[in-house]
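Side-chain atoms are counted along with the backbone in the values below, which use heavy atoms only and exclude waters and symmetry mates. Since this is a predicted model, take the numbers as computed values, not measurements.
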Amino acid sequence: MIEKEREPEMVDIKYMDNEEKIKWLMDEYGQNVIMLAYTYVNQKQLAEDIAQEVFIKCYEKLDSFRHESSYKTWLYRITINKCKDVLRSSSYKYLIFTDYIRSKKLIHSAESESIHNEEKLLIAKQVMALPVKLREVIILYYYQDLKTAEIAEMLNSNISTVKTRLHRARNILEKTLKGEI
């Protein structure tokens, strides 16, 4: 069994009402949820919309939260599921087609403003070019600082599957960065 992660800050959330809980969760994890969603959909506005839907669903389900995992893990699981739903939807595929040029400009300007180090920019681009199954484990492991066991739980996978995906992703990134691919 995976050891439960302690919530950041020593906030005693169990004594809060649902409005206070959702506000705390949004303050504590809002940006991480948006970043995680962005790694799936590659569109800032859509990632923000997904995050909003995640917190609406979270609010609706707060009373049924069983505390078998941390709130962070629970929110990430909801986010991943919502992102996968969006990626499967035909409206998303249409959005990708019609917003192609605009999204390229948005991503380019966001990258150039927020990533000053050229090496970081190159790595970020290569990570975003990975297939979703490889990209998600890299993002969760390196950018969200989750352990392989936590990632496996979130993705409903075996730990060995997560480790294999991490290994494959690292190999692809290494070869790409060396110019072999």
Side-chain angles (χ1 to χ4, degrees), residues 1-9 24-44 46-55 57-58 65-88 92 103 107 110-111 113-181:
M1 182 82 181
I2 297 173
E3 188 173 299
K4 268 207 281 190
E5 173 185 315
R6 297 183 83 181
E7 295 299 334
E9 300 180 17
W24 181 81
L25 290 169
M26 289 171 70
D27 289 344
E28 194 67 35
Y29 301 112
Q31 287 303 312
N32 290 341
V33 167
I34 292 170
M35 287 183 352
L36 180 58
Y38 182 81
T39 64
Y40 279 86
V41 298
N42 290 325
Q43 291 185 4
K44 185 177 186 280
L46 186 55
E48 290 171 352
D49 292 346
I50 288 170
Q52 187 174 23
E53 291 180 38
V54 165
F55 284 107
K57 183 168 185 148
C58 175
F65 180 64
R66 296 182 305 230
H67 301 280
E68 293 174 357
S69 64
S70 68
Y71 280 101
K72 179 181 178 181
T73 303
W74 183 54
L75 282 169
Y76 284 4
R77 180 74 251 154
I78 294 169
T79 304
I80 290 167
N81 287 338
K82 183 63 185 164
C83 288
K84 287 180 178 180
D85 290 345
V86 167
L87 290 172
R88 282 191 294 265
Y92 174 75
S103 68
I107 290 168
E111 286 173 346
E113 288 175 16
S114 65
I115 302 176
H116 301 294
N117 184 318
E118 208 164 302
E119 185 176 285
K120 287 182 181 179
L121 176 60
L122 179 61
I123 292 170
K125 284 181 178 179
Q126 297 306 320
V127 169
M128 295 306 288
L130 290 170
V132 172
K133 288 182 183 253
L134 301 180
R135 183 184 337 145
E136 69 188 353
V137 295
I138 290 289
I139 296 295
L140 293 171
Y141 188 80
Y142 288 104
Y143 294 93
Q144 300 298 329
D145 295 321
L146 296 176
K147 296 179 174 88
T148 53
E150 293 172 313
I151 297 169
E153 181 182 339
M154 260 188 235
L155 301 177
N156 295 325
S157 299
N158 294 322
I159 293 174
S160 60
T161 302
V162 172
K163 288 179 180 179
T164 300
R165 289 179 184 170
L166 273 171
H167 180 73
R168 287 182 185 158
R170 286 181 193 126
N171 284 343
I172 291 171
L173 288 171
E174 182 180 2
K175 288 179 182 178
T176 304
L177 294 171
K178 287 181 177 178
E180 296 174 14
I181 294 181

*What is the minimum heavy-atom distance between Cys58 and Trp74, and which atoms define it?*
SG-CZ3, 3.2 Å

*Please report the closest heavy-atom contact between Leu155 and Tyr40, naming both atoms and the distance.*
CD2-OH, 4.4 Å

*Are Cys83 and Glu136 close enough that some pair of their side-chain heavy atoms sits under 4.5 Å apart?*
no

*asked:* Applying side-chain contact (heavy atoms from CB on, under 4.5 Å), can you list everything that pairs with Lys57, at least two apart in sequence or on another chain?
replied: Lys61, Ile78

*Quick one: pull up CG in Asn171 and CG in Leu166 and give me the separation to the nearest 0.5 Å.*
11.0 Å

*Does Val162 reach the side chain of Tyr141, with side-chain heavy atoms less than 4.5 Å apart?*
no

*Could you give the distance from NE2 (His167) to CD1 (Ile172), rounded to the nearest 0.5 Å?*
10.0 Å

*From Thr79 atom OG1 to Ile50 atom CD1, the distance as rounded to the nearest 0.5 Å*: 8.5 Å

*Going from CD on Glu153 to CG on Leu146, what distance comes out if it is rounded to the nearest 0.5 angstrom?*
10.0 Å

*Asn42 and Arg135, any side-chain heavy atoms less than 4.5 Å apart*: yes

_Which heavy atom of Lys72 sits nearest to which heavy atom of Gln144, and what is that distance?_
NZ-O, 3.5 Å

*Identify the two heavy atoms, one from Ala47 and one from Val41, that lie closest to each other, and give their separation to 0.1 Å.*
N-CG2, 3.9 Å

*Under the side chain to side chain contact (heavy atoms under 4.5 Å, CB included) criterion, do Ser70 and Glu150 qualify, and how do the steps go?*
CA-CA 10 Å; Ser70 68; Glu150 293 172 313; 5.7 Å; no

*asked:* Taking the six-membered ring for Trp, are Tyr71 and Phe65 closer than 6.0 Å centroid to centroid?
replied: yes

*With a cut-off of 6.0 Å (strictly less than), are more than 12 heavy atoms of other residues, nucleotides or ligands near CE of Met35?*
yes

*Using distance alone, with no hydrogens and no angle criterion, decide if Arg170 and Tyr142 have a side-chain donor and acceptor under 3.5 Å apart.*
yes

*Please round to the nearest 0.5 Å and tell me the distance separating atom CD1 of Ile151 and atom OG1 of Thr73.*
10.0 Å

*Ile139 side, atom CD1; Asn32 side, atom CG - distance, nearest 0.5 Å*: 11.5 Å

*Charged N-O contact under 4.0 Å between Glu48 and Lys44*: yes

_Residue pair Leu134 / Val137: nearest heavy atoms and the distance that separates them_ = O-CG2, 3.1 Å

*More than 12 foreign heavy atoms under 6.0 Å from NZ of Lys133: is that the case here?*
no

